[in-house]
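To keep things clear, I will list the structure first and then write my remarks on it.
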Amino acid sequence: MVREQLVERSCAWCGEPVAYSGRGRPPRFCSPVHRRRAWEVRSAEERAGRPVSKGGRSTEPVREIVQRTETVVRPQIVQDAGRGSAAPRPAQRLSGQPYTLPEDAVEWIEALAALRREAVTNPKVAPFREHIANACEKTLQVLRSEMPGPDGTTPGEP
Ligand SMILES: [Zn+2]
């Protein structure tokens with residue numbers, strides 16, 4: 001005659017062996033802590049399995065909406081920005097189109113050379129040679145005068 005008797009079973013939480021004394025219901029967990037953890041997981045799974053309207057968890061995958069904003073930087077000409085309309089903008093044609101003045105001595109010298117050519121060849125410039133000459137004389141006076149100091153005063157002035 002063969003008789004079987006439960007001697008040990010593994011904890012349903014951690015899998016560690018739990019001895020069975022042979023009396024009463026066989027233990028399912030090695031400790032009250034593991035019994036508690038198993039119950040928490042089981043009840044949480046039950047709660048999560050309910051419909052979303054009853055506090056359950058959605059089975060839908062997480063979705064994201066990404067908004068894409070592209071910033072384009074482009075230069076634009078602002079007319080009379082920050083100054084009265086009475087102040088003429090030197091680098092602006094009568095048509096309102098901007099143009100570029102020479103930026104350094106070499107460019108000014110080249111511009112003046114161009115003026116000498118234009119004064120005799122360009123029908124838009126030639127009729128105003130006298131006006132241009134007057135402007136050149138004023139320019140000459142300034143060019144040949146003494147340089148003002150850093151603070152804007154002319155050396156020699158009180
Ligand atoms: Zn355990």
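Counting starts at 1 for both ligands and their atoms, following the listed order. Count residues from 1 along the sequence.
- A heavy-atom distance below 4.5 Å is found between the side chains of E107 and D104.
- Any protein N/O/S atom under 2.8 Å from the Zn ion (ligand 1) was counted, giving 4 altogether.
- Contact between R9 and P27 at its shortest, heavy atoms only, is CD-O, 2.7 Å.
- The shortest side-chain heavy-atom distance between E110 and V106 falls under the 4.5 Å cut-off.
- For the pair V41 and W13, the minimum side-chain heavy-atom distance is below 4.5 Å.
- When every heavy atom of C14 is checked against every heavy atom of C30, the shortest pair comes out as SG-SG, 3.8 Å.
- Under the 4.5 Å side-chain criterion, counting only non-hydrogen atoms from C-beta, R28 is not in contact with V18.
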